[in-house]
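Here is the structure we will look at, set down as structure tokens.
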Amino acid sequence: MSPLQHDPDWWRQAAVYQIYPRSFADSGGDGIGDLAGVTSRVPYLAALGVDAVWLSPFYPSALADGGYDVDDYRDVDPKLGTLADFDEMVAALHAAGIRVIVDIVPNHSSNRHVWFQEALKAPKGSPARDRYIFRDGRGADGSRPPTDWKSVFGGPAWQRVEDGQWYLHLFAPEQPDFNWKNREVRDDFLTTLRFWSDRGVDGYRVDVANGLAKDLPDPLPDDIADSADLMNGSSRLWDRDEVHEIYREWRKIFDEYDPPRTAVAEAWVSTAERRARYASPEGLGQAFNFDLLKANFDAAEFREIITANLAQAATAGTSSTWVFSNHDVVRHPSRYGLPRDTDENAWLLSGGTQPPLDRELGLRRARAATLLMLALPGSAYLYQGEELGLHEVADLPAEALQDPTFLRSEGEEKGRDGCRVPLPWTTGGPSYGFGAGSAHLPQPAWFAESSVEAEDRDPDSTLAFYREALRLRHSLRADEKLEWSDATDTVLHFVRPNGWHSVTNFGPDAIELPAGEVAVTSGPLDDGKLPANTTAWVVVR
Ligand code: GLC
């Protein structure tokens with residue numbers, strides 16, 4: 001374990017491991033993962049070799065959206081622990097040389113937040129209502145919602161309250177949207193950022209960063225016909241230019257600390273250019289790039305995305321980010337094990353049977369993609385369980401599902417629970433070592449062979465592979481340049497300045513590797529050659 005080094009640029013090429021706390025490790029035995037569980041696994045994270053962890057929300061919450069419905073931004077959910085547990089966790093992670101990023105959810109609070117409760121009790125037009133987005137409905141009696149907008153999780157984006165007014169919720173009704181034109185809302189978030197920064201948090205992941213600024217006159221024009229997915233800066237709801245004023249204020253707070261606190265925006269926007277605005281050094285500093293996550297396993301697609309994003313990041317004065325899996329998407333071994341253009345939702349609704357999943361091919365490709373990603377300049381975001389090669393749990397029964405997407409779409413969207421099933425730590429026992437009790441989402445029998453315990457003793461396991469790749473990434477890390485070498489339609493080969501080559505074979509036939517020392521491969525070589533769906537790192541000195 002190495003203690004934390006003072007380095008204001010630590011984030012630029014960090015490997016960041018996302019922890020979804022309620023599904024990581026349960027120290028209390030109540031079926032829900034907790035902060036003490038994270039602390040107990042610090043040695044595991046240190047051995048894995050990650051530079052930072054990002055924790056999805058652990059704040060008090062009724063879990064209407066897995067914790068992205070926050071009751072109180074400056075406390076820990078009693079189900080997950082206490083502030084003292086948080087401090088202990090941060091101290092243990094820092095002692096192991098691992099930084100801490102927390103999730104901040106500024107677009108909406110939960111409907112149990114004191115401010116929303118106050119707003120419900122306060123009259124129309126009151127300062128308490130002004131912290132949220134309340135409007136009168138349409139029609140003589142105001143019984144039609146102010147607009148016909150749909151929420152991201154399905155169903156209408158407005159909910160009526162007792163006195164007849166409506167409030168906006170771009171997500172679930174339990175997630176009322178804040179009014180970011182309100183100074184009190186802005187100031188309260190500055191207080192929250194100071195609160196966690198003072199407790200030693202190193203950075204923030206900013207949820208729905210493209211949603212805060214909205215242009216919603218009161219009353220709303222009757223014929224308002226904006227589409228919620230118009231994301232080019234002209235929508236009333238998404239990716240508006242004024243949102244960056246908010247982040248300029250945040251940046252001032254971040255820069256009061258040494259090293260400055262970092263932030264990464266979750267902003268699903270239409271172009272790399274729009275994304276770069278969130279990543280500017282005067283703003284949040286970095287933004288998630290979901291392009292590889294959305295791409296097919298295809299050399300040409302990967303190459304185009306990598307080239308465009310590296311150029312864009314350089315222009316914006318930041319480093320790029322890369323990600324294949326997170327708590328909102330189907331795990332990448334499963335995506336890559338399905339035929340191209342599979343409708344993932346239909347596959348999930350079939351319980352993972354239609355079309356059939358090629359588990360082995362998917363995992364082989366996922367490992368190849370991950371090794372390629374870990375060789376790229378920029379930061380790599382990893383999602384808990386991918387180091388075990390976990391597939392999506394696609395056959396969760398309807399009655400077990402928790403994601404509001406499933407209920408709000410009346411079962412048409414299966415939702416995101418399949419990537420949120422509690423991790424398997426041991427080959428047996430209650431909840432495969434997740435905790436002393438059962439797990440809050442049912443775990444499949446195949447978790448036994450993908451558990452940490454099983455993979456620990458197998459030198460060819462995905463876990464062993466991640467550990468080796470992350471260890472080598474530390475020793476090979478070079479400045480943020482990349483040069484393409486011999487890229488073809490089926491092979492991606494690039495070189496970092498220190499002679500570190502990464503070669504990925506997307507094609508069917510085995511290929512020769514450059515002469516040099518083969519440092520690690522994502523799968524076995526075939527007579528010294530690189531087989532299909534495999535990546536190798538070669539060091540040429
Ligand atoms: C983000 C989160 C997602 C959540 C949503 C609403 O997209 O990643 O999990 O449901 O925001 O907060």
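Start at 1 and go down the list; that is how both ligands and their atoms are numbered.
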- Heavy-atom contacts with Arg420 under 4.0 Å: which atoms of ligand 1 show up? List them by number with element. 9 (O)

- Task: Among all protein heavy atoms, pick out the one at the shortest distance from atom 4 (C) of ligand 1; state its residue, atom name and that distance to 0.1 Å.
- Result: Asp65 OD2, 3.4 Å

- Item | Residue and atom name of the nearest protein heavy atom (relative to atom 7 (O) of ligand 1), distance in Å to one decimal | Glu266 OE2, 2.8 Å

- Please could you name the atoms of ligand 1 that Phe171 approaches to less than 4.0 Å, counting only its heavy atoms? 5 (C), 6 (C)

- Message: If I take atom CZ from residue Phe178 and atom CG from residue Asn107, how far apart are they, to the nearest 0.5 angstrom?
- Response: 9.0 Å

- Message: Show the nearest heavy-atom pair for residues Gln384 and Ser23, with the distance to one decimal.
- Response: NE2-O, 3.2 Å

- Gln117, CD atom: more than 12 neighbouring heavy atoms under 6.0 Å: yes

- Message: Show me which atoms of ligand 1 lie under 4.0 Å from any heavy atom of Arg416.
- Response: 3 (C), 4 (C), 9 (O), 10 (O)

- Hey, would you say the Trp54 and Phe288 ring centroids sit under 6.0 Å apart? yes

- Item | Carboxylate-amine/guanidinium contact Arg199 Asp87, below 4.0 Å | yes

- If you count the atoms of ligand 1 from 1 in the order shown, which ones are under 4.0 Å from a heavy atom of Arg205? 2 (C), 8 (O)

- Task: Tell me which part of Phe153 gets within contact of ligand 1: side chain, backbone, both or neither, using heavy atoms under 4.0 Å.
- Result: side chain

- atom 11 (O) of ligand 1: closest protein heavy atom, distance to 0.1 Å, is Asp207 OD1, 2.9 Å

- Message: Under 3.5 Å, is there a donor on one side chain and an acceptor on the other for Tyr68 and Ser61?
- Response: no

- Query: Which of the atoms in ligand 1, numbered in the order shown and given with their element, are less than 4.0 Å from a heavy-atom of His108?
  - Reply: 6 (C), 12 (O)

- Check: Trp115 ring centroid to Tyr73 ring centroid under 6.0 Å: no

- Message: Only heavy atoms of Asp328, strictly under 4.0 Å: list the atoms of ligand 1 that pass.
- Response: 2 (C), 3 (C), 7 (O), 8 (O), 9 (O)

- For the rings on Trp268 and Phe290, is their centre-to-centre separation under 6.0 Å? yes

- Message: I'd like to check which ligand 1 atoms, numbered from 1 as shown, lie under 4.0 Å from a non-hydrogen atom of Val208.
- Response: 11 (O)

